[in-house]
Amino acid sequence: MDIEADTMAESVAEAKSAAAPGRAMRVAAALHAKGGDEFAKPGSIVEVKFVKGQSLSLTASRLLALMILTAGGDAWEDRPHRMRKADIRRGHKGNERISDMLEELHRTLFAIDDRSWRGKKATLRFSLISSSREEAEDGDSADAGWIEWEFTSEARNLIQESETYAVLNRQAVLGFRSSYALKLYEIGALRLHRRQSTWRGDMAALRAALGISPDVYKDFAQLRRKVLEKAKSEIDQLAHFRVDWREIRQGRTV
């Protein structure tokens, strides 16, 4: 009887441990309880890659960040989350663009390295939200209209297991004018307090990280001018850190 009781207790402890969220959600819960403009975005969501040829617009990227902020330490739980439309539109009187943002989040695919049922290397493709509801407006009240959404099981698993996180500022997120700048800001915030704060990669990895379509800025001089320099200017103004880069050349190749 004692052996059986001990085994049962161990099983319960293991189940609780398996269901417990990682460090990212614990920090998110603490920041949410504290209030203010700072919130934690799990590193697994910051680093998730877009499926080739897809990326999020600036407005959809902002909405996703606000969803993470609103869900706080509960983002990993299998339940709906809710937010006022007024908290999304940033002073715009109309909410017509919110429908477009939600639909964009629904149809945008992300990818991570995974294993198949046979244990072989595989690519897992998924969306971040599984369902959403948007209230019809009633009157001109600032409180009129809410949205409700649920994260997909794949997104919840990533969020729950993430031990790394980026501490972001709501006002900074809403202040960016470039989706590339916002993405680079998230990448920088994720690495800010690490022992190695430098991100290193080739051009294909940089494009994948920032969600740059293979059809644009094919020349590095264009990418530097249109993406990196503009992103640096915005980040240096809005963020609590500065960003810079070093180009490593092999012949004419960066």
Side-chain angles (χ1 to χ4, degrees), residues 24 31 36-70 87-92 97-98 100-102 104-105 108-111 128 164-194 196-248 254:
L31 290 174
D37 282 336
E38 287 191 336
F39 66 100
K41 185 171 184 178
S44 57
I45 299 299
V46 172
E47 295 185 314
V48 69
K49 298 295 189 296
F50 296 102
V51 167
K52 188 175 181 180
Q54 295 198 36
S55 62
L56 288 176
S57 66
L58 175 61
T59 53
S61 296
R62 282 179 183 153
L63 177 57
L64 176 59
L66 293 176
M67 286 175 162
I68 296 290
L69 182 158
T70 301
D87 293 331
I88 303 170
R89 62 184 182 231
R90 292 192 71 237
H92 295 290
R97 297 179 65 190
I98 293 176
D100 295 337
M101 296 180 218
L102 286 170
E104 183 177 344
L105 281 176
T108 301
L109 290 176
F110 298 82
L128 291 180
T164 61
Y165 58 90
V167 175
L168 308 178
N169 182 279
R170 181 180 186 274
Q171 295 303 317
V173 167
L174 295 177
F176 282 105
R177 295 291 177 268
S178 161
S179 60
Y180 302 137
L182 176 53
K183 188 63 179 177
L184 193 57
Y185 165 67
E186 294 181 349
I187 293 172
L190 179 61
R191 283 165 174 74
L192 185 58
H193 298 298
R194 290 186 182 180
Q196 175 54 266
S197 60
T198 301
W199 181 93
R200 175 186 287 264
D202 59 17
M203 293 308 302
L206 177 63
R207 286 180 172 274
L210 298 183
I212 301 174
S213 169
D215 300 326
V216 299
Y217 311 135
K218 296 180 179 180
D219 179 75
F220 180 74
Q222 286 183 313
L223 190 144
R224 182 203 296 121
R225 185 174 64 257
K226 297 289 189 179
V227 177
L228 294 178
E229 290 179 353
K230 287 187 176 181
K232 172 179 170 56
S233 177
E234 290 194 46
I235 292 170
D236 289 351
Q237 283 187 326
L238 295 168
H240 54 294
F241 58 88
R242 298 174 66 85
V243 67
D244 210 336
W245 70 88
R246 182 166 61 94
E247 299 165 16
I248 302 170
V254 178

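- The backbone N or O of Asn169 lies less than 3.5 Å from no partner atom in the side chain of Glu38, so there is not a single donor-acceptor pair.
- For the residue pair Gly211 and Ser55, the shortest heavy atom distance occurs at O-CB, 3.2 Å.
- Considering only heavy atoms from C-beta on, Tyr180 stays 4.5 Å or farther from Lys226 through its side chain.
- Inter-residue side-chain proximity for Val254 and Met203 is flagged as met; some heavy-atom pair is nearer than 4.5 Å.
- Listed by first and then second residue, the salt bridge (charged side-chain N to carboxylate O under 4.0 Å, His left out) pairs that reach into residues 204-218 come to none, sequence neighbours excluded.
- To the nearest 0.5 Å, atoms CZ (Arg62) and OG (Ser57) are separated by 9.5 Å.
- Atoms OG1 and CE, on Thr59 and Met101 in that order, are 5.0 Å from each other to the nearest 0.5 Å.
- Residues Ala40 and Pro42 approach most closely at O-CD, 3.9 Å, considering heavy atoms.
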- [ ] Go through the steps for Leu109 and Phe50 under the test side chain to side chain contact (heavy atoms under 4.5 Å, CB included), then give the verdict.
- [x] CA-CA 6 Å; Leu109 290 176; Phe50 296 102; over 6 Å; no
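- Counting only residues at least two apart or on different chains, the salt bridge (charged side-chain N to carboxylate O under 4.0 Å, His left out) pairs with a member in residues 231-242 are Lys232-Asp236, Asp236-Arg242.
- Side-chain contact between Leu190 and Trp199 is absent, with no heavy atoms from C-beta onward closer than 4.5 Å.
- Under the salt bridge (charged side-chain N to carboxylate O under 4.0 Å, His left out) criterion, Lys183 pairs with no residue, sequence neighbours left out.
- Remark: side-chain polar atoms of Ser233 are not paired, donor with acceptor, to backbone N or O of Glu229 under 3.5 angstrom.
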Task: Full working for side chain to side chain contact (heavy atoms under 4.5 Å, CB included) between Tyr185 and Leu168 - done: CA-CA 8 Å; Tyr185 165 67; Leu168 308 178; 3.6 Å; yes
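- Here the CG-CG distance, from Leu64 to Leu102, works out to 11.0 Å after rounding to the nearest 0.5 Å.
- Residues Ile235 and Phe241 have side chains in contact (heavy-atom distance under 4.5 Å, counting atoms from C-beta outward).
- Between Leu238 and Phe176 the shortest side-chain heavy-atom distance falls below 4.5 Å.
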- [ ] Could you walk me through whether His240 and Leu192 pass side chain to side chain contact (heavy atoms under 4.5 Å, CB included), step by step?
- [x] CA-CA 10 Å; His240 54 294; Leu192 185 58; 3.5 Å; yes
TODO: Show your working on side chain to side chain contact (heavy atoms under 4.5 Å, CB included) between Arg224 and Lys230 and close with a plain yes or no.
DONE: CA-CA 8 Å; Arg224 182 203 296 121; Lys230 287 187 176 181; over 6 Å; no
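- One distance of note links CG of Leu105 with CG of Leu56; it measures 6.0 Å at 0.5 Å rounding.
- Put simply, the side chain of Leu66 reaches to within 4.5 Å of the side chain of Arg170, judged on heavy atoms.
- Atom CG of Leu206 sits about 4.5 Å away from atom CG of Leu210, to the nearest 0.5 Å.
- Interatomic distance, CG of Asp87 versus OG1 of Thr70, reported as 7.0 Å (0.5 Å rounding).
- Scored by the salt bridge (charged side-chain N to carboxylate O under 4.0 Å, His left out) test, Arg225 finds no partners at all (sequence neighbours excluded).
- Applying the ring pair (Phe, Tyr, Trp, His ring centres under 6.0 Å) test to Phe220 and every residue at least two apart in sequence or in another chain returns nothing.
- For the pair Thr164/Arg194, a side-chain contact is recorded, criterion being any heavy-atom separation below 4.5 Å from C-beta on.
- Under the side chain to side chain donor-acceptor pair (under 3.5 Å) criterion, the residue pairs touching residues 40-51 are Lys41-Glu186, Glu47-Arg191, with sequence neighbours excluded.
- Side chains of Tyr217 and Ile212 form a contact here, defined as non-hydrogen atoms less than 4.5 Å apart.
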